[in-house]
Amino acid sequence: MAEPERSERRLRPAPLIFEPSEAAADPEHFFDLESIEDPRELLSRSTELTLAFRAATDRAVEFQAVAAAQLADPKRFDRLSPAEIGARAEWTEDYARKMIEFGQELLRGTQP
């Protein structure tokens, strides 16, 4: 799994502002982007959101990997097999094994 440099991933782009439930229910509403008329501002804000979502995705994947490694830890009496972890996360067993390995590397403080 190719990883960008760790310092790059840790940058915190524009904050994700949570939308009120009424706005989220409107399929045309997305972080108020539809109301921005200036294309420069629209490009800027949509780019900020893209970077924020990418950073959030990268971070969430790291947490998934750590959790998978912890669940597969042979020291746990209730450890799960890669197949069981894969089923819980809706992954293939092969992908679960890779995530377990990635999580183990993260827990050891090493990068792949």
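- Of the charged side-chain nitrogens involved, at least one lies within less than 4.0 Å of a carboxylate oxygen, so that Lys98 and Asp94 count as a salt-bridged pair.
- The minimum heavy-atom distance linking Ala69 with Gln104 is given by the pair CB-N, 3.5 Å.
- Ser44 contributes no side-chain N or O that, together with a main-chain N or O of Arg40, makes up a donor-acceptor pair within less than 3.5 Å.
- Asp58 is not listed as a side-chain neighbour of Glu62, based on a closest heavy-atom distance of 4.5 Å or more.
- When all heavy atoms of Trp91 and Ala68 are compared, the closest pair comes out as CZ3-CB, 4.2 Å.
- The line from CG of Asp38 to CZ of Arg45 is 14.5 Å long, rounded to the nearest 0.5 Å.
- The CD atom of Glu34 sits 5.5 Å away from the CG atom of Asp32 when rounded to the nearest 0.5 Å.
- The line from CD of Gln64 to CD1 of Ile100 is 12.0 Å long, rounded to the nearest 0.5 Å.
- Environment of CZ in Arg108: crowded, with over 12 heavy atoms of neighbouring residues, nucleotides or ligands closer than 6.0 Å.
- Distance check, rounded to the nearest 0.5 Å: CG of Leu71 to CZ of Arg79 gives 12.0 Å.
- Atom-to-atom distance recorded for Glu101:CD and Leu106:CG is 12.0 Å, nearest 0.5 angstrom.
- Using a 4.0 Å cut-off between charged nitrogen and carboxylate oxygen, Arg97 and Glu93 count as a salt-bridge pair.
- Between Glu41 and Ile36, the closest side-chain pair of non-hydrogen atoms falls below 4.5 Å.
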- Item | Test ring pair (Phe, Tyr, Trp, His ring centres under 6.0 Å) applied to Tyr95 and Phe102, step by step | CA-CA 10 Å; Tyr95 187 75; Phe102 180 47; 9.8 Å; no
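- How far OG of Ser46 is from CZ of Phe30: 9.5 Å, rounded to the nearest 0.5 Å.
- Hydrophobic clustering keeps Ile85 apart from Phe63 (ILVMFWY residues linked when any side-chain heavy atoms are closer than 4.5 Å, directly or through intermediates).
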